[in-house]
Protein chains: 2
Amino acid sequence: MNLSVAEENYIKSIYKLEETTDGVTTTGLAYELDTKPASVTDMAKKLKEKKLIDYEKYQGISLTAEGKKAALHIIRRHRLWECFLVEKLDFSWEEVHELAEELEHVRSEKLTNRLSEFLGNPVIDPHGDPIPDAQGKMGKQRTQVSLDQARTKRLEVTAVSDKSTALLEFLTAKGIRLGTQLEIIERYEFDNSIEIKIRNQPAFTISEQVSKNIMVRPV
Amino acid sequence: MNLSVAEENYIKSIYKLEETTDGVTTTGLAYELDTKPASVTDMAKKLKEKKLIDYEKYQGISLTAEGKKAALHIIRRHRLWECFLVEKLDFSWEEVHELAEELEHVRSEKLTNRLSEFLGNPVIDPHGDPIPDAQGKMGKQRTQVSLDQARTKRLEVTAVSDKSTALLEFLTAKGIRLGTQLEIIERYEFDNSIEIKIRNQPAFTISEQVSKNIMVRPV
DNA sequence: TTTCTAAGTTAGATTTGTCTAAATTTTATT
DNA sequence: AATAAAATTTAGACAAATCTAACTTAGAAA
């Protein structure tokens, strides 16, 4: 199956929305791809034709098995390039997403697998997301909850869901990265903000917007 | 200046033709890009508009200073990726050209410069071509002639001009790579083929087509 | 100098991916 | 159930890059 860059981006976004929301809608996908619902409808017809998605007028979109496989291959490439950029070229985690968005579209299995090998077949990327293997299989995510829903006080950061430079720069500035251990001091109900403390540093408060995007596990 | 992939490929091909032929014609460029003269005319208008080429109807095409600079940046990226693929991912020289054709279009100065640094700022690529530096300056090619025009008997291979898999595989099979030292045994005038000998191996004959694409220097 | 041919250009069509505006369907609300 | 609101689709248009077919120009040959 030969996909255009645009088609690959649709597949990837559909996969992401299937993971994080329930039901992929025309409008939701348009928002995710920063395009218009009308464009999504057009592309949906094309991807249905290629048997990558199930789609009926007004009934939403979902990936077929083949579509899912395609998505996992794109995600594999994306995450491997992110590893490369961080580990070999010394980029920081907030810089790599955009570059990987471009590099991921170079479709060569040989390149992908050689790159993986060169990096020591990593299983998580710089944002804590798992990397599918050459067959498209992904190691089960360790059970992780977003910080705003955590039940226990002492936690370790396992991943970040929003890859925007803005969020990642903010976290870096606050000293939060993968593996950071933190403690919840207080929850403020009026705006769902949370006061947290890292090690012996002074406590500080983060908004719900931020805590929603920090994935953690009890420690 | 923001160039599309198609525009970058035109600029690159124009640069190549300026180097290897005299005068860049519509037909020649169409042939190089595997497209039609009519398409070249269309694109020429666009690139003239962007001040990357000088172009007047029926008068041929040439790069402006700005166009040349753009070309050198693209070539830099292409050759650095070729080095990466060969040196780090263990690809052979006949496999890397096509992949680099895709990777070269990821436009990020930071990525390019970090990659160069990671590779130890190489100055020649796996085919023996010089790599422009971050400013677009290229180390003077060592004086090199194609094998079919060499004046002396004992020669060393410095570069290969045709990057097709077919030629490179042939050379590899014959034991010819960068740095290979060889001796001209005989020239056959009727078809301009050449009999050569490497080290102590038995001599063999190569066609003019091949010898034209092997660059050498006296040794 | 005229004529012919190869090279180059224009005109109009096509494909991909997008858009806006209008029409339609679904869903939520009274 | 009727109607309003929101979501979705259709219709028609556009830009980029390409093509074919027809036309024009430049330069070589006579």
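Below, read A as the first sequence line, B as the second, and so on, with proteins coming before strands; counting in each chain starts at 1.
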Rounded to whole Å, the CD-C1' distance (E49(A) to dG17(C)) equals 17 Å

Under a 4.0 Å heavy-atom criterion, the protein footprint on nucleotides 12-20 of chain D, written with B, S and -, is ----SSBBB

Assess the pair Y10(A) and Y15(A): is the distance between their ring centroids shorter than 6.0 Å? no

Taken to the nearest whole Å, CD/E56(A) to P/dT9(D) is 10 Å

Heavy-atom closest pair (M215(B) atom, S161(B) atom, distance to 0.1 Å) is SD-OG, 4.1 Å

- prompt: Does K110(B) use its side chain to pair, donor to acceptor, with the backbone of E95(A) at less than 3.5 Å?
  reply: no

Please write out the pairs of protein N or O atoms and N or O atoms of nucleotides 22-26 of chain C separated by less than 3.5 Å, giving the distance to one decimal.
residue: dT25(C); atom: O4'; partner: Y58(A); partner atom: OH; Å: 3.3

*Ignoring hydrogens and angles, tell me if any N or O in the side chain of K163(B) forms a donor-acceptor pair with the backbone of V160(B) under 3.5 Å.*
yes

Q.
Just so I know, are the side chains of L29(B) and L33(B) near enough to count as touching, which here means a heavy-atom distance under 4.5 Å?
A. yes

Which of R76(B), K12(B), R77(B) passes salt bridge (charged side-chain N to carboxylate O under 4.0 Å, His left out) with E104(B)? Answer is K12(B)

Y31(B) OH to dA6(C) P, in whole Å, measures 18 Å

Separation of dT10(D) atom C1' from Y55(A) atom OH, nearest Å, is 10 Å

### Task
Look at T26(A) and dT9(D) and indicate whether a side-chain polar atom (N or O) is within less than 4.0 Å of OP1 or OP2.
yes

Assign the ring pair H97(B) / H127(B) to parallel, tilted or perpendicular, where the plane angle (0 to 90°) is split at 30° and 60°. perpendicular

Nearest heavy-atom approach of P37(A) to T26(A) is O-CG2, 3.4 Å

